[in-house]
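FYI, side chains are in, hydrogens and waters are out, and symmetry mates aren't considered; it's all heavy atoms of this structure. Residue indices begin at 1 and follow the sequence shown.
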Amino acid sequence: MIKIKEVIVVEGRYDVNTVKQVFDTIVLETGGFRIFSDKERLKMFRKMAEHRGLLILTDSDGAGMVIRNYLKGAIPNCLVKHAYIPDIMGKESRKRTASKEGKLGVEGMKPEVLRKALQRAGATILDGEEESAPVLGEKISKADLYALGLSGRVGSEKLRAQILQELQLPKHLSANALLDFLNTVSNLEELTRLVEKIQKNG
């Protein structure tokens, strides 16, 4: 069990069970789309964020992104970190059929995948085993994304999709969300190298 400071927010109770098998922290659920009308739950999330910070861990499908973006707009960004699971096709064993997009959700992720996702998001680990170190280097701006061909240009969408695939991030991630993630785990030099590598390999 990895003890972390932040409170983890997931979509449903099965996600809670999966995450609690890996991490020693408070795990809250949005109740899926119910969070949009549940003002009390949102108020609780804000309070937890003020005390310990929130780490949002939703599924990588479109619905998960809608919930994530809602929370992103409702809670101050300085109190929130975003962990992303990769797009892995399949279905959870308890379900009769796969999800609409055919992807595994948080509950279907293996412990090592969840561990990596939270470490990359900058989770504050309290057990002393793997303290999160800040990434050194020049921060990435929107202008940098444009200059590298990742936004606002012909072929940007394709290149961004390749970057997301290379980083094992969900394909629904917007340019702004990608920027937030990159500035948590990377820097301009590393991103430039990654773009050059993708362009070289065609």
Residue list, salt bridge (charged side-chain N to carboxylate O under 4.0 Å, His left out) with E92, at least two apart or on another chain: K95
Counterpart residues, ring pair (Phe, Tyr, Trp, His ring centres under 6.0 Å), relative to Y84 (two or more places apart): F181
G149 versus S156, closest heavy-atom pair with distance: O-OG, 3.0 Å
Spatial distance of atom NZ (K110) from atom OG1 (T18) [nearest 0.5 Å]: 13.5 Å
Rounded distance (nearest 0.5 Å) linking atom CD of Q21 with atom CG of L114: 10.0 Å
Side-chain donor/acceptor of R120 to backbone N/O of L167, under 3.5 Å: yes
Whether K103 side chain and M89 backbone form a donor-acceptor pair below 3.5 Å: no
Side chain to side chain donor-acceptor pair (under 3.5 Å) partners of residues 46-62, not counting sequence neighbours, each pair once: T25-R52, T58-R68, S60-D87
Connected via hydrophobic side-chain network under 4.5 Å: L42 and V27: no
Heavy-atom check, side chain of L118 versus side chain of V22, under 4.5 Å: no
Inter-residue atom distance K139.NZ - N187.CG, 0.5 Å rounding: 10.0 Å
Check: I140 main-chain N/O paired with N183 side-chain donor or acceptor under 3.5 Å: yes
Nearest-0.5 Å distance, OG1 of residue T124 to NZ of residue K5: 5.5 Å
With sequence neighbours excluded, residues passing ring pair (Phe, Tyr, Trp, His ring centres under 6.0 Å) with Y70: F36
Inter- and intrachain pairs under salt bridge (charged side-chain N to carboxylate O under 4.0 Å, His left out), touching residues 193-202, at least two apart: E166-K197, E189-R193
Check against side-chain contact (heavy atoms from CB on, under 4.5 Å), L126 and I4: CA-CA 5 Å; L126 301 175; I4 68 169; 5.7 Å; no
Pairs involving residues 88-109, ordered by first then second residue, that meet ring-ring contact (aromatic ring centres under 6.0 Å, His included) (sequence neighbours left out): none
Residues which pass salt bridge (charged side-chain N to carboxylate O under 4.0 Å, His left out) with K20, listed by chain and number, not counting sequence neighbours: none
Distance in Å, K158 NZ paired with L150 CG, rounded so as to fall on 0.5 Å steps: 13.5 Å
Cluster link V19 to L55, ILVMFWY, side chain under 4.5 Å: yes
Qualifying residues under salt bridge (charged side-chain N to carboxylate O under 4.0 Å, His left out), relative to D24, sequence neighbours excluded: none
Shared hydrophobic cluster for V106 and V9 (ILVMFWY, side-chain gaps under 4.5 Å): no
Flag, side chain of R13 to backbone of E29, donor-acceptor distance under 3.5 Å: no
Residue list, salt bridge (charged side-chain N to carboxylate O under 4.0 Å, His left out) with E157, at least two apart or on another chain: none
Validation row: K142, N176 side chains within 4.5 angstrom (heavy atoms): yes
Linked, directly or transitively: I85 and I2 (ILVMFWY side chains, under 4.5 Å): yes
Summary of ring-ring contact (aromatic ring centres under 6.0 Å, His included) pairs that have at least one residue in residues 183-202, sequence neighbours excluded: none
Side-chain heavy-atom pair P86, L169 within 4.5 angstrom cut-off: no
Exercise: do S141 and D144 side chains pair donor with acceptor under 3.5 Å: yes
Short side-chain to backbone donor-acceptor contact, S186 and L182, under 3.5 Å: no
side-chain hydrogen bond (donor to acceptor under 3.5 Å, both in side chains) partners for E11, two or more places apart: none
Single-linkage hydrophobic cluster M48~I8, side-chain heavy atoms < 4.5 angstrom: no
Qualifying residues under side-chain contact (heavy atoms from CB on, under 4.5 Å), relative to R94, sequence neighbours excluded: Y14, E107
Nearest-0.5 Å distance that lies between atom CG in L104 and atom CD1 in I88: 6.0 Å
Side-chain heavy atoms of F45 within contact of V7, under 4.5 Å: no
Which atom of G62 lies closest to which atom of E101, heavy atoms considered: N-OE2, 2.9 Å
Within-4.5 Å side-chain heavy-atom neighbours: L28 and V10: no
4.5 Å side-chain heavy-atom contact, V80 and L71: no
